[in-house]
S.K.: 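Supplied in structure tokens, the structure appears directly below.
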Amino acid sequence: MAEQQGREPECPVCWNPFNNTFHTPKVLDCCHSFCVECLAHLSLVTPARRRLLCPLCRQPTVLASGQPVTDLPTDTAVLTLLRLEPHHVILEGHQLCLKDQPKSRYFLRQPRVYTLDLGPEPGGQTGPPQDAGPSPRSLPVPVPSHYSLRECFRNPQFRIFAYLMAVILSVTLLLIFSVFWTKQFLWGVG
């Protein structure tokens, strides 16, 4: 959607600004863009899951057999306008999943997986939820570490970091002991 008077482009359904996570702009066959979360909700409640109707013009977009809405083309013009790189968001059942792998030159960081629950299964509970407490929309779920120490030391950046930390610790301990020994020697003589 076009940028209006200095505002960020937003999804015309939920009015959330587009981003490169769960509000990634996806393009339908009619060239209208919507966030992937709205399209995922739409695909889950549509009786014919292979056919999406545009919420604005009602033109159908036919999905290939087994193709999720996350595989629709990303509106790269909007992401370029926002100066964002696209992330790969996938639809698994009733959850959108994003694997975020931080880029760092000096540390070995574990990727994080973020999920967004899209609601209950169709045909499940239709009444109001029993628990009226607030439920978080998306919570980061860190991926457990499967790296052994041997695999970490194979990473050259990690080795440099480990060696630098060992040198800094050694020099710090040497300074502390030399100051302590100097005070002992001078106070013992005087």
S.K.: For the NZ atom of K26 and the OG atom of S33, what is their distance to the nearest 0.5 Å?
M.R.: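 Reported value, rounded in 0.5 Å steps: 10.5 Å.
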
S.K.: Say whether L42 and L28 are linked into one hydrophobic cluster, either directly or through other cluster members, by side-chain heavy-atom distances under 4.5 angstrom.
M.R.: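 They do share one cluster, since a chain of ILVMFWY contacts under 4.5 Å joins L42 to L28.
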
S.K.: Could you list the residues that satisfy ring pair (Phe, Tyr, Trp, His ring centres under 6.0 Å) with W15, not counting sequence neighbours?
M.R.: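 Counting only residues at least two positions away or on another chain, W15 forms no ring pair (Phe, Tyr, Trp, His ring centres under 6.0 Å).
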
S.K.: What's the shortest heavy-atom distance between T21 and T24, and which atoms?
M.R.: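 Scanning both residues, the minimum pair turns out to be O-OG1, 2.6 Å.
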
S.K.: Would you say L52 and L72 make side-chain contact, with heavy atoms under 4.5 Å?
M.R.: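 The answer is yes, as the side chains (C-beta and beyond) meet within the 4.5 Å cut-off.
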
S.K.: What's the separation between atom SG in C97 and atom CZ in F22, rounded to the nearest 0.5 Å?
M.R.: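 Here the interatomic distance stands at 7.0 Å.
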
S.K.: Could you check whether any side-chain heavy atom of H23 comes within less than 4.5 Å of a side-chain heavy atom of C14, counting everything from C-beta outward?
M.R.: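 Yes, side chains in contact.
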
S.K.: Hey, any chance V69 and V13 share a hydrophobic cluster, counting ILVMFWY side chains that come within less than 4.5 Å of each other, even indirectly?
M.R.: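 Yes: a chain of side-chain contacts under 4.5 Å links V69 to V13.
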
S.K.: Return the CE to OG distance between M165 and S170, rounded to the nearest 0.5 Å.
M.R.: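 With rounding to 0.5 Å, CE (M165) is 11.0 Å from OG (S170).
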
S.K.: Out of T74, L96, L91, which residue meets the side-chain contact (heavy atoms from CB on, under 4.5 Å) rule with V36?
M.R.: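 It is L96; the other options fail the test.
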
S.K.: Would you say F34 ends up clustered with V27 if hydrophobic residues are merged whenever their side chains have heavy atoms under 4.5 Å apart, either directly or through other cluster members?
M.R.: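 Per the 4.5 Å side-chain linkage, V27 and F34 are not co-clustered.
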
S.K.: Could you tell me the separation between the CD atom of E85 and the OG1 atom of T76, rounded to the nearest 0.5 Å?
M.R.: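 E85 CD to T76 OG1: 12.5 Å, rounded to 0.5 Å.
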
S.K.: To the closest 0.5 Å, what do you measure between CD1 (I160) and CG (L164)?
M.R.: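 Going from CD1 on I160 over to CG on L164, the span is 7.5 Å.
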
S.K.: Determine all donor-acceptor pairs shorter than 3.5 Å in which one atom belongs to a side chain in residues 54-64; sequence neighbours excluded.
M.R.:
from	atom 1	to	atom 2	distance (Å)
T61	OG1	D29	N	3.1

S.K.: Could you give the distance from SG (C35) to CG (D75), rounded to the nearest 0.5 Å?
M.R.: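 It comes to 12.5 Å.
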
